[in-house]
Amino acid sequence: MQHNVATVFRERRCSNSCRVCPVNNQITSMFSVIRSSIARSSQGTCISSRTLIHTANRKSLASTLVLIEHKDGKLSSSSFNAVTAATQFGFPVTALLASSSAASAALASETAAITGVAKVILAKSDVYDHSQAEAVAPLIVATAKAGNFSHVVAAHTAFGKNVLPRAAALCDSSPISDVIQIEGVDTFKRTIYAGNAIAQVKSKDAVKFVTIRTTSFPAATPGDAVAASEASTASDVAPLTRWVSEEVAKSDRPELASAKIVIGGGRGMKSGDNFQLLYALADKLGGTVGASRAAVDAGFVGNDLQIGQTGKIIAPELYIAVGISGAIQHLAGMKDSKTIVAINKDPEAPIFQVSDYGLVADLFKAVPELTEKISK
Ligand SMILES: Cc1cc2nc3c(=O)[nH]c(=O)nc-3n(C[C@H](O)[C@H](O)[C@H](O)COP(=O)(O)OP(=O)(O)OC[C@H]3O[C@@H](n4cnc5c(N)ncnc54)[C@H](O)[C@@H]3O)c2cc1C
């Protein structure tokens, strides 16, 4: 296009110089000013149209694949956060659902109903039982290649953390993990050093593999089924690993990662039995219970309750830290909570530096008193 403009310009200069130059040099210089301004504006048009074409091409080529997580025939709440993050690239969002169960058709239509999902690809096979990463990663790669996807997004859950780096490695890409903000199509913010610094990273990979922190993106809303569905054409890869068994901690209380109110117990609880004090308070408030690593390591509660750098990252409306000192590794998991309350007998405990409300008291007196006052 630039070449064409230059050609047109040469023809004009030729005809003008033949007619004008001999008569008036001023006209020649004026023409040269006009010429350069025509060239500039032509070039401008050229560049901007090239940019537009480039952008248009990129828009038509770029698209986002989001991994849908599910268990026991139910969509995981983290999938809804992942969809919100996926929509932020501004490209059409396709949801990939790998499931063997009889519930897969129902899961697919539930996924199709999530606001922001333009299409659902359902990969139905026994190999996807228990969402083993060794089976799901090749499926992601085959789907991403077949659909020419520019972005692959998953929630930063145990499943997402397990499967996405494998898929990225198969595509020779660097995965970008635990993203808290999407700055652009290739630029992301993520925390490092247990949440004490925020790194802005830019990916040059053709396909960007991203896991997102669920507490940093609101959940997409379930709505009426609108998205189209299709069956996956990728062939199943039987994994070299075999799923043997699982031990699931059953609880009627809200899931730790998505609960609005969480009571965290630390080493100060002294024993697992004493956690009953926290469960009684959580039940009054309609919340759930979490723990510090020290409490988990001491065997007071299971490690599925651990909050922090090596546990779950939560951001509830209200977090009550009971008998927790506030080590940075614990803060990494809860400091984005909207309101933080601390109960600790040590007034120098670091937890008081991040708490909105602090109570310097013996927890064995303060917690039952609080529970009693709430019941009134
Ligand atoms: C690589 C690495 C990763 C880690 N990951 C995590 C993680 O994910 N999550 C995590 O929590 N930790 C993690 N840790 C451990 C972390 O450094 C701390 O050791 C841990 O958080 C301390 O737990 P705590 O606050 O319950 O115990 P402590 O630090 O022992 O604090 C107990 C608190 O209870 C108070 N207390 C005692 N009795 C009472 C009472 N009767 N009434 C009121 N208050 C009382 C004390 O004053 C004290 O402040 C990690 C450490 C490392 C090195």
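None of the values given here were measured: they were computed from a predicted structure. Counting convention: from 1, in listed order, for ligands and their atoms alike.
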ask   = Take atom CD in Gln200; do more than 12 heavy atoms of anything else shown fall under 6.0 Å from it?
value = yes
request  = Would you please write out the protein residues whose heavy atoms approach any atom of ligand 1 to under 4.0 angstrom, listed by chain and number?
outcome  = Gly266, Arg267, Gly268, Lys270, Ser292, Arg293, Ala294, Gln306, Ile307, Gly308, Gln309, Thr310, Gly311, Gly323, Ile324, Ser325, Ala327, Gln329, His330, Asn344, Lys345, Asp346, Ala361, Asp362, Leu363, Phe364
ask   = Linking Ile, Leu, Val, Met, Phe, Trp and Tyr through side-chain heavy atoms less than 4.5 Å apart, which residues share a cluster with Ile198?
value = Ile180
key: Lys74, NZ: over 12 other non-hydrogen atoms inside 6.0 angstrom   = no
task = Taking only Lys NZ, Arg NE, NH1 and NH2, and the carboxylate oxygens of Asp or Glu, determine whether Lys365 and Glu369 approach each other closer than 4.0 Å.
result = no
ask   = Can you name the salt bridge (Lys or Arg N to Asp or Glu O under 4.0 Å) partners of Glu230, sequence neighbours left out?
value = Lys119
task = Please identify each residue that fulfils side-chain contact (heavy atoms from CB on, under 4.5 Å) with Gln353, with sequence neighbours left out.
result = none
